Protein chains: 2
Amino acid sequence: MQLDEFDRKIIAALREDARMPVAQVAERAALSATPVSRRIKRLEDEGVIRGYAPVLDPRKLGLELEAYVLINLNAHIDENIARFEQAIAENPHVIACHAVTGDMDYLVRVMARNVEHLSQITLRTLLRIPGVRDVKSIIVLETVKETQPVPLD
Amino acid sequence: MQLDEFDRKIIAALREDARMPVAQVAERAALSATPVSRRIKRLEDEGVIRGYAPVLDPRKLGLELEAYVLINLNAHIDENIARFEQAIAENPHVIACHAVTGDMDYLVRVMARNVEHLSQITLRTLLRIPGVRDVKSIIVLETVKETQPVPLD
DNA sequence: TATGAAATAATATAGTT
DNA sequence: AACTATATTATTTCATA
């Protein structure tokens, strides 16, 4: 699938505000409302736009502490991997999890209320998943930048 | 600021689809449209909801490669920090950057088109920022989980 | 102080050219 | 793709608990 300049401008406008009226998006894309409405629908149908989400302020929701937890499994058998990934899926405080290259197997991003809460998530949940050998925590001191995943040149 | 059960249900509904009609959000929260509309406005005004963004598919936009880059500065003087953070702000392929605890100073999340592009971002951009001593890249092999930042228990 | 119902205003979408 | 008409949807008003 190929995006043209109109599509890019539409997406750029929606990234500023996904609830921006179509007429206003149209203005930015130098187009009228009708084709913008149709293009947005097309982008949704083709899966370029998967959906829309509110951008929430973690602090205002009582989530003051953020960490990246690097995890090693001790035996890379399918059963361990499946159990690990299920535990990750079930925990709402795990907001991202990637299988990665390097010394560690997984990089897990966690949002917690405070140190005690993070400790509970790490020690009582992550470290107790069968097959998990080792965890290393990297605490976030300050968030310098955070945009929605996916840049648009 | 204190969120009640209604607010939580409203946020949960919007997290599924931030463009869901108010009437439908109201149904989920067991409320009518009027208070839901007002509560959403209140959550926006108070900064709990910062805005709305489309959820995009990186692959459909030609971004096939993702990495976390750990960075060390060689002298933690204000000038270096300022220059580093400005370079980060300017680069659209850096989608997140945190100052962190541990061996490294910063954790930077990068989205690139391919290995060559990642290499260019890392070697020609990040490593050339004055004050940057060392970078270690962790390549994402597979994304097991990715939700919008901020869980809501 | 917050809600629900109804009226109004804003906005999105479908039909037509 | 644009213009116009129609249909959705959001928001304001007002009465009420």
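Because the structure is a prediction, the values reported are computed rather than measured.
As rounded to whole Å, 18 Å separates atom P of C/dT1 from atom CD of B/Q2. Put simply, CZ on A/R39 is 15 Å from P on C/dT13, counting in whole angstrom units. The distance between atom CE of A/M20 and atom P of D/dT9, rounded to the nearest whole Å, is 21 Å.
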Side-chain donor-acceptor pairs under 3.5 Å in residues 17-25 of chain A, sequence neighbours left out?
residue: A/D17; atom: OD1; partner: A/R19; partner atom: N; Å: 2.9
residue: A/R19; atom: NE; partner: B/A18; partner atom: O; Å: 2.8
residue: A/R19; atom: NH2; partner: B/A18; partner atom: O; Å: 2.8

Using a cutoff of under 3.5 Å, can you pull out all pairs of nitrogen or oxygen atoms linking the protein to nucleotides 12-17 of chain D, with atom names and distances?
none

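Other residues, nucleotides and ligands contribute only 12 or fewer heavy atoms inside 6.0 Å of the CZ atom of B/R59. No more than 12 heavy atoms of other residues, nucleotides or ligands sit less than 6.0 Å from atom CG of B/D103.
With sequence neighbours left out, the side-chain hydrogen bond (donor to acceptor under 3.5 Å, both in side chains) criterion links A/R133 to no other residue. Partners of B/V132 according to the side chain to side chain contact (heavy atoms under 4.5 Å, CB included) rule, which considers only residues two or more places apart in sequence or in another chain, are B/I71, B/L73, B/F84, B/L127, B/I129, B/V135.
Listed by first and then second residue, the salt bridge (Lys or Arg N to Asp or Glu O under 4.0 Å) pairs that reach into residues 68-93 of chain A are A/E79-A/R83, sequence neighbours excluded.
Picking from C/dA2, D/dA1, C/dT13 the nucleotide with the shortest atom distance to the side chain of A/F6 gives D/dA1. Comparing C/dT13, C/dG4, D/dT11 by their nearest atom to the side chain of B/A33 picks out D/dT11.
Using a 4.5 Å heavy-atom threshold, the side chains of A/I11 and A/R8 count as separate.
Nucleic acid contact for B/R19: none, since no nucleic acid atom lies under 4.0 Å from a heavy atom of the residue.
In this model, the phosphate group of C/dA2 is not approached by any side-chain N or O of B/R42 to a distance below 4.0 Å at OP1 or OP2.
Ion pairing between a basic and an acidic side chain is recognised when a charged N comes within 4.0 Å of a carboxylate O; A/R50 and B/E146 show no such pairing.
For DNA chain D, if you chain together Watson-Crick or G-U pairs that step i with j, i+1 with j-1 and so on, the runs of at least three with distances under 3.5 Å are C:1-17 with D:1-17.
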